[in-house]
Amino acid sequence: MDILSIIFIVAGLFFLIVAAIGVIRLPDMYSRSHAVSLTDSLGAFLMLVGIALHEGLSINMLKILVVLVLLYILNPVIAHATVRAALRSGLKPLEKENS
Amino acid sequence: MIFSFEIPLLLLLLVTAAGAILVKDLMSAVLLLGSYSFFLSLVWAWLGAVDVAFVEAVVGAGLGTVLFLLTLFGTAPKDTRLRRPPPSLATLIVFPLLGVLLLYAADDLPEFGNPKSPASVHISPTYIEQSYQDTRTPNVVTAVLMDYRSLDTMGETVVIFTAGIACALLLRRNS
Amino acid sequence: MATRSRPVSSEFLFFKAMALFVFWVLLSASFEWIHLGLGLFFSFIVAWLNSGHSPFVPKFRLWLRILLYLPWLFYKIIQSSLHLSKLILHPALPIVPHMISVESKLRHHAAVVLLGNSITLTPGTITVEVDGSNLIVHAMDKNDEAAIKQMESKIAHIFKDEEPDL
Amino acid sequence: MKVFLFCVLVLLAILIGAYLYRVLQGPTIFDRLLGHNGISTKAIILLIVMGIYFERVDMFIDISIGYALLNLVGSLAMAKYLEQKEHS
């Protein structure tokens, strides 16, 4: 069980690192928000599942799954609110032509 | 091994605090203060004081941010840019001196986690030995905060509750 | 309170209180009678205080379909995460950021919420603006529009039996 | 396992540093807000990993649920403020 949870946690860390690289590297605010949503949806999922596997079947595991569900419901709302505020306040997205 | 994780957390805290002072925009300062509270409560959690961490998260990151924002809502400044004059000569002299003095004084404090320091031999053993029999609370810090000093904590909770109600009322008027 | 114009259905109140009560039990993790009783009492109080919002009560069949939809969504999330990771780690950064305006045929508030949430959860696309059933989506890649169409048809299939309320 | 979890903790702190760079440096206020959201997600995960590291998950998990809910309130208020500011 430990091996499995380590595999899950390492996979989650990989996505978290990719998202951090993306947050630093991507050119404009709208694209950076994609990187943040990448972390929230897959990186956090893999890490929390790995931790829950390590914890074993108990009420703590249930609570970890509750955190996961909360992240999945709330984070899109936050991302959407941020991006909508950016659009409504007139921040122009970077449009790159196909080349 | 246990204590070395504090170093990155404290570094993050320092960077955030310096950023909150140096940043050019009032909104960004509010955001950075929110992040600061997050990191501070991570430090509390690392030290094992779970309740303090929770209160820090609620008050600092949640209520503090929202109250700052409501102030900004209410005053509606046209320009939230911060203008700060360069520090005067007296500031430049006094504050480094004060810092050196404090560091010098901190050298005489007992080492962190030293079992022979006065705080560890005077009353802590009583708490550690008896708190579970007295209160049935699994965490010692929680037992001290919520049971032995519960009246004090209740006062703090009333303050937080009042702030929360004020927040809710102000937000309702705005929407 | 301006929000309490719609009639409060007792069924909806009950569901909300039960959801809050389950949350309470999870948080307190104790099964003593006094804790359970207090939890039940406060869940009903909170549900009653907040009863002015959405009267939407999903039927059991709908829940089942949404549950069946989630694995597919998760498969999409993994697929597009890998794709986006490849884009980010690529040295030349071959992204094509652009706006898509999606005019969906969904006629339910809940369906639009589910669609917007799914779009935002999928890395590479993010819902920027919602107006009625039209969404503006910011996407990172050219192939994302087809995926959104597919997602929309799935959600339309979930909600096909419901009364339209938009 | 203990060593591995410690490495995970340090790595998460470094990742938080990357987001903090975005908060400090971000050209617009929305970049800062985005970085703040990323930091809070990392903080939630960090707290749970911390709980596993100390083998006291029952204490730490409650704070992380609280974080997840509070983060929503703070960020929504922030986004709403920024939206209204530009309209008036």
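Numbers restart at 1 for each chain; the letters A, B, ... are given by sequence-line order, proteins then strands. Note that these values count all heavy atoms, side chains included, but never hydrogens, waters or copies made by symmetry.
- Atom NZ of C:K149 has more than 12 neighbouring heavy atoms from other residues, nucleotides or ligands inside a 6.0 Å radius.
- Nearest heavy-atom pair across C:L89 and A:I21 is CD2-CD1, 4.1 Å.
- Using cut-offs of 30° and 60° on the angle between ring planes, the pair A:H34 and C:H138 is parallel.
- For C:I34, the CD1 atom sits in a loose shell: 12 or fewer heavy atoms of surrounding residues, nucleotides or ligands are nearer than 6.0 Å.
- Of the inter-residue distances, the one linking C:M140 atom CE with A:S33 atom OG reads 8.0 Å to the nearest 0.5 angstrom.
- When heavy atoms are compared at a cutoff of 4.5 Å, A:Y72 approaches chain C by way of both its backbone and its side chain.
- With rounding to the nearest 0.5 Å, the separation of CG in C:L26 from NZ in A:K63 is 7.5 Å.
- Interatomic distance, C:L121 CG to A:N75 CG, rounded to the nearest 0.5 Å: 8.5 Å.
- The closest side-chain heavy-atom distance from C:I77 to A:F45 is not below 4.5 Å.
- Heavy atoms of C:S80 lying under 4.5 Å from chain A are absent altogether.
- Shown are C:N117, C:I126, C:I119, C:T127; of these, the side chain to side chain contact (heavy atoms under 4.5 Å, CB included) with A:P76 is made only by C:N117.
- Remark: C:D131 CG is loosely packed, at most 12 non-hydrogen atoms of other residues, nucleotides or ligands lying under 6.0 Å away.
- The heavy-atom pair separating C:E129 from A:H80 by the smallest distance is N-CE1, 4.1 Å.
- For a residue to count as touching a neighbouring chain, one of its non-hydrogen atoms must lie under 4.5 Å from one of that chain's; by this rule A:F15 touches chain C with the side chain only.
- Across all non-hydrogen atoms, the minimal contact from C:P123 to A:S37 is CA-OG, 3.8 Å.
- Counting heavy-atom pairs closer than 4.5 Å to chain A, the top residue among C:I136, C:V128, C:T120, C:T122 is C:V128.
- Contact of C:I78 with chain A is made through backbone and side chain together, with heavy-atom distances under 4.5 Å.
- The two residues C:M99 and A:L87 make their nearest non-hydrogen contact at CE-CD1, 4.0 Å.
- Separation of atoms OG (A:S31) and CD1 (C:I88) is listed at 9.5 Å; rounding is to 0.5 Å.
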